[in-house]
Number of protein chains: 2
Amino acid sequence: MTVDRIANARLRDRVVSAETAAALIQPGETVAMSGFTGSGYPKAVPVELARRIESAHAQGLPFQISLMTGASTAPELDGALAKADGIAMRMPFQSDPDARNRINEGKLDYIDIHLSHVAQHVWFGFYGEIDTAVIEVSAIREDGSLVPSTSLGNNKTWLDLAKKVIIEVNEWQPAGVDGMHDIYYGTALPPHRKPIPLVNANDRIGETALRCDPDKIVAVVRTNGPDRNSPFSPIDATSEQIAAHLIEFLQHEVKRGRLPANLLPLQSGVGNIPNAVLAGLAKSGFRDLAAFTEVIQDGMLDLLRDGVLSYASCTGFALSPQANETFKENIDFYRERIIMRTQEISNHPELVRRLGCIGMNGMIEVDLYGNVNSTHVMGTRIMNGIGGSGDFARNGFLSAFLSPSTAKNGTISAIVPMASHVDHTEHDVSVIVTEQGLADLRGLTPRKRAQVLIDNCAHPDFRAQLQDYFDRASRESYGKHTPHLLPEALSWHQRWLDTGTMKG
Amino acid sequence: MTVDRIANARLRDRVVSAETAAALIQPGETVAMSGFTGSGYPKAVPVELARRIESAHAQGLPFQISLMTGASTAPELDGALAKADGIAMRMPFQSDPDARNRINEGKLDYIDIHLSHVAQHVWFGFYGEIDTAVIEVSAIREDGSLVPSTSLGNNKTWLDLAKKVIIEVNEWQPAGVDGMHDIYYGTALPPHRKPIPLVNANDRIGETALRCDPDKIVAVVRTNGPDRNSPFSPIDATSEQIAAHLIEFLQHEVKRGRLPANLLPLQSGVGNIPNAVLAGLAKSGFRDLAAFTEVIQDGMLDLLRDGVLSYASCTGFALSPQANETFKENIDFYRERIIMRTQEISNHPELVRRLGCIGMNGMIEVDLYGNVNSTHVMGTRIMNGIGGSGDFARNGFLSAFLSPSTAKNGTISAIVPMASHVDHTEHDVSVIVTEQGLADLRGLTPRKRAQVLIDNCAHPDFRAQLQDYFDRASRESYGKHTPHLLPEALSWHQRWLDTGTMKG
């Protein structure tokens with residue numbers, strides 16, 4: 001027996017084609033869509049919208065929208081709309097190659113903000129009104145409430161604030177995801193805010209479905225397409241070394257009594273290095289761990305399966321095709337252990353601080369004094385965005401930033417004299433890890449941080465050059481609290497632009 | 001009838017001279033003292049300790065301590081110990097000229113951290129053990145509990161964690177301060193933290209006196225000396241213009257419905273510009289305001305007196321001698337309207353976000369893209385420290401940074417191509433105000449921020465030069481999301497060092 005995913009008769013009557021739905025979006029609109037790291041984004045309407053935009057452009061007519069989401073999406077959303085030159089303004093995060101190129105050519109306005117700020121800044125009125133929301137769900141219940149799919153992101157806010165709503169019901173998403181979500185309806189604007197009653201990473205404080213005024217729902221579109229599922233590369237030696245250094249450090253902190261044996265809730269960025277850290281935790285005898293994070297990726301599913309991780313709280317997924325199969329096949333098991341929240345909750349400073357999360361995020365570079373650049377290559381070209389790294393780095397128990405010590409075949413050092421852009425200041429960075437080693441910056445002055453970063457984290461190819469800069473700056477700098485030689489501070493980046501290597 | 005400020009007999013028996021008390025502190029100790037912006041710091045023991053240190057040094061003996069406080073103190077504490085070369089490590093904030101010089105000569109280790117992080121990082125064990133706490137109070141109750149004086153800072157944490165405690169009972173402090181404090185004893189280490197039950201700036205959630213195990217109290221010293229009370233300069237035209245721009249903006253936000261008519265709780269840095277803003281608010285018809293801030297200065301007392309401000313929450317004071325007299329004379333009136341909290345509560349990210357504070361802080365410089373430098377002159381010489389500005393800038397409803405558009409007789413521009421140090425990233429800065437005007441950076445891309453900063457905030461003497469840099473960078477930059485010419489990005493600072501002016 002096939003159950004219709006649209007159990008509400010009134011909304012079943014609003015089913016239209018993606019093309020018809022896309023035609024409801026007008027040029028100049030602010031459109032808010034679902035989607036977080038390639039999960040739970042609308043699969044059909046954005047593609048049709050891009051087609052409409054291209055056709056308008058072919059006729060010489062202007063057509064662009066302002067686009068907000070949870071975080072990054074996929075080729076069918078960011079890719080299609082960027083290629084069609086259909087995005088005037090994008091917020092708050094992207095990782096699409098076409099969008100990125102347009103942003104760095106100065107042709108696409110991009111606003112890169114903390115993921116915990118998005119919903120409240122829109123509620124505050126800082127981004128004007130939302131004309132249309134386009135939200136993927138896995139099902140519509142008989143009462144009209146919406147069962148989310150594989151990400152929640154800002155969907156609650158988009159549905160609450162949008163003037164009109166287009167729903168995509170994606171049958172590809174497992175029906176068993178129903179019950180996995182926890183949508184908190186207790187948020188408010190100041191001065192009416194109350195404490196958020198969550199004290200453990202697995203507390204349930206909300207509802208399992210999204211509310212939406214049915215009068216606002218102007219179209220429902222049936223889809224059946226996969227989330228963006230890119231395979232993870234096998235864990236390489238560099239990632240394994242980084243993971244080993246971090247895990248040794250965590251074991252040391254447990255021994256010193258600064259962390260409980262089952263640590264504190266883990267937050268982990270997405271990618272091969274965090275995946276290696278997760279794999280390493282499994283092998284190191286840690287048990288009963290918890291995650292309070294943004295995204296669940298392959299490694300976390302394995303940890304849950306093996307009981308290393310007791311439960312995980314997230315706002316989205318980033319799974320390989322294989323992990324996705326495992327997830328679907330064992331959805332009842334995972335539904336007991338995974339709680340999906342809106343991103344204003346998954347990244348909330350109140351909760352990250354209360355739980356004492358251990359933040360583990362990637363970086364582009366760190367300077368001698370512990371200032372981290374997460375977003376800009378050579379200070380000017382945006383890579384993706386800050387995402388939620390700041391929410392965890394500022395408010396958690398520990399903030400670790402992880403990166404190989406070099407990039408681009410060894411021509412770029414991840415440890416530089418001065419960061420060419422700063423996303424996490426010296427006040428927010430506690431631990432730096434490269435495959436060379438780990439620098440524990442807690443309780444160190446800027447000058448002491450420099451020496452431990454050179455000694456422990458820098459690649460041997462750049463160590464002498466960094467030491468030389470630091471020694472000369474320590475002698476000749478105007479102020480010696482944070483020694484710099486200003487004419488040289490960014491010369492490594494310029495040298496790379498001029499000659500293809502930072503080596504001098 | 002004179003009431004003895006020491007009502008506990010057992011502790012009255014421990015009264016000794018400051019010299020005797022100071023002799024209990026050994027070389028190499030970590031010493032945690034009271035004090036926040038020149039209020040409530042110990043007046044006698046640090047001076048005697050400095051004398052001891054000088055005498056040890058005269059005999060060729062090493063003697064230094066690691067020193068933690070709430071924030072800045074006064075000549076009798078930071079000044080005396082810095083002059084004696086008695087401080088090996090200082091944390092978390094200072095504003096003393098002698099200490100600053102030593103830090104910038106590379107002779108004094110200084111760790112500049114968010115004021116909301118101090119207590120928890122010490123509890124986490126990141127700074128080792130506290131050997132001695134030296135805490136000023138206004139009285140000791142019969143039951144041995146301690147009535148704080150004019151600042152709370154980290155006193156609760158210092159008393160809880162120190163191995164031994166020296167109490168200074170300062171009769172100069174008004175006895176009527178008893179009842180003004182609210183000391184929250186509900187904090188814990190993760191994973192045992194609970195929501196902090198404060199929903200209004202004037203909620204009382206704690207106790208009016210500090211607890212301390214009497215067995216740890218090794219000495220009690222009677223003092224009778226004033227807090228550091230420096231007169232405020234009269235409000236100058238520049239400060240008045242900055243205040244007028246900000247107030248016009250707040251009125252505009254109220255009209256647009258983005259702020260309630262009585263705004264949201266105000267946080268205000270210390271100094272002449274914030275004082276001018278407060279004076280301006282009084283004249284602009286605002287009523288029923290609230291403050292949730294770190295420090296109460298003269299202007300706030302006036303607003304409370306006039307009913308413009310209904311109540312104020314703080315962790316310390318910075319009053320002129322005249323305002324201090326007013327405060328003492330009307331202590332019963334002010335005790336009903338002022339609540340003093342520990343700084344982990346006054347600056348807590350959970351509470352700053354819940355209340356939606358309006359942060360108003362000074363800055364040294366801001367770059368074209370909205371990155372703010374609050375701490376380092378020419379990127380290398382520390383001025384004071386980040387203090388609590390980050391706690392409010394990141395988590396509040398709005399974060400405004402205020403500064404004259406030039407410094408040092410017009411030779412330095414507060415708007416620069418690239419900030420020479422970043423304390424508040426582009427992701428945390430919403431409004432910039434100079435006497436020239438106001439830049440509302442909300443919802444703007446980096447490039448749009450640049451143009452509005454040049455047009456609205458830069459001094460006319462630097463406007464063409466900034467525009468020239470921005471135009472050339474927009475054409476020639478490697479990436480055009482955040483355009484820069486790296487060899488020139490810090491050249492303004494170097495030019496000032498070389499020639500005495502940023503003008504090129």
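All values reported here derive from a predicted model rather than from experimental measurement. Every chain is numbered from 1 and lettered A, B, ... according to where its sequence line falls, protein lines coming before strand lines. Excluded from the calculations below are hydrogen atoms, water molecules and symmetry mates; all remaining heavy atoms, backbone and side chain alike, are included.
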Interface check, chain B: of A:His114, A:Glu253, A:Arg258, A:Arg353, most non-hydrogen pairs under 4.5 Å belong to A:Arg353

Go through the steps for A:Arg354 and B:Glu350 under the test side-chain contact (heavy atoms from CB on, under 4.5 Å), then give the verdict. CA-CA 8 Å; A:Arg354 183 177 303 148; B:Glu350 172 175 341; 3.1 Å; yes

Atom group of B:Ala473 that falls short of 4.5 Å from chain A, counting heavy atoms: neither

Among B:Pro195, B:Gly443, B:Gly356, which residue forms the greatest number of heavy-atom pairs with chain A at distances under 4.5 Å? B:Pro195

Plane angle bin for B:His427 and A:His421 - parallel if under 30°, tilted between 30 and 60°, otherwise perpendicular: perpendicular

Please classify the contact of B:Ser116 with chain A as side chain, backbone, both or neither, using a heavy-atom distance under 4.5 Å. both

Where on B:Val352 is there a heavy atom nearer than 4.5 Å to chain A: the side chain, the backbone, both, or neither? neither

Whatever's closer than 4.5 Å to a heavy atom in chain A on B:Leu355 counts as backbone

Which residues pass the side-chain hydrogen bond (donor to acceptor under 3.5 Å, both in side chains) test with A:Asp288, sequence neighbours left out? none

Correct closest heavy-atom pair for B:Thr425 and A:Thr425 would be CG2-CG2, 4.1 Å

Can you tell me which of B:Lys194, B:His484, B:Lys107, B:Arg381 forms the most heavy-atom pairs within a distance under 4.5 Å of chain A? B:Arg381

Between A:Phe126 and B:Phe397, what is the ring plane arrangement, given parallel below 30°, perpendicular above 60°, and tilted in between? perpendicular

Under a 4.5 Å heavy-atom cut-off, does chain A meet the side chain of B:Leu486, its backbone, both or neither? both

Sort out for me which of B:Met378, B:Glu426, B:Gln120, B:Arg256 touches chain A most, counting heavy-atom pairs under 4.5 Å. B:Gln120

Which region of B:Arg447, side chain (C-beta onward) or backbone (N, CA, C, O), has a non-hydrogen atom less than 4.5 Å from a non-hydrogen atom of chain A, or is it both or neither? side chain

Contact origin within A:Gln494 toward chain B - heavy atom pairs under 4.5 Å: both

Let me know if A:Pro349 has heavy atoms under 4.5 Å from chain B in its side chain, its backbone, both or neither. side chain

Given the options A:Asp428, A:Asn395, A:Leu485, which has more heavy-atom pairs under 4.5 Å with chain B than any of the others? A:Asp428

Options A:Thr375, A:Ile386, A:Ile113, ranked by heavy-atom pairs under 4.5 Å with chain B, top entry: A:Ile386

Straight-line distance of A:Ile111 CD1 to B:His481 NE2, nearest 0.5 Å: 9.0 Å

Ranking B:Val199, B:Asp423, B:Val377 by heavy-atom pairs under 4.5 Å to chain A gives rank one to B:Asp423

A:Leu108, part contacting chain B, at a heavy-atom distance under 4.5 Å: backbone

With a 4.5 Å limit on heavy-atom distance, are the side chains of A:Pro191 and B:Asn200 in contact? no

What are the two closest non-hydrogen atoms of A:Asp109 and B:Thr445, and how far apart are they? CB-CG2, 3.3 Å

A:Leu351 versus chain B, heavy atoms under 4.5 Å apart: side chain, backbone, both or neither? neither

Cut-off 4.5 Å, heavy atoms of chain A, and the answer for B:Tyr127 is side chain

Run the salt bridge (charged side-chain N to carboxylate O under 4.0 Å, His left out) test against A:Glu365 and tell me which residues pass, sequence neighbours left out. none

Taking A:Met91, A:His192, A:Glu488, A:His117 one by one, which has the highest count of heavy-atom pairs under 4.5 Å against chain B? A:His117

Return the minimal non-hydrogen interatomic distance between A:Leu490 and B:Ala489, and the atom names on each side. CD1-CB, 4.1 Å

Counting only non-hydrogen atoms closer than 4.5 Å, does A:Leu444 touch chain B with its backbone (N, CA, C, O), its side chain (CB onward), both, or neither? backbone

Option in B:His376, B:His424, B:Glu105 with maximal non-hydrogen atom pairs under 4.5 Å from chain A: B:His376

When heavy-atom pairs shorter than 4.5 Å are enumerated against chain B, which of A:His348, A:His493, A:Met418, A:Lys448 gives the highest number? A:His348

Judged by atom type as modelled, is there a donor-acceptor pair below 3.5 Å linking the side chain of A:Arg394 to the main-chain atoms of B:Gly390? yes

Please look at B:Leu189 and chain A and tell me whether the side chain, the backbone, both or neither of the residue comes under 4.5 angstrom of a heavy atom of that chain. neither

Given the options B:Pro487, B:Ser477, B:Ala188, which has more heavy-atom pairs under 4.5 Å with chain A than any of the others? B:Pro487

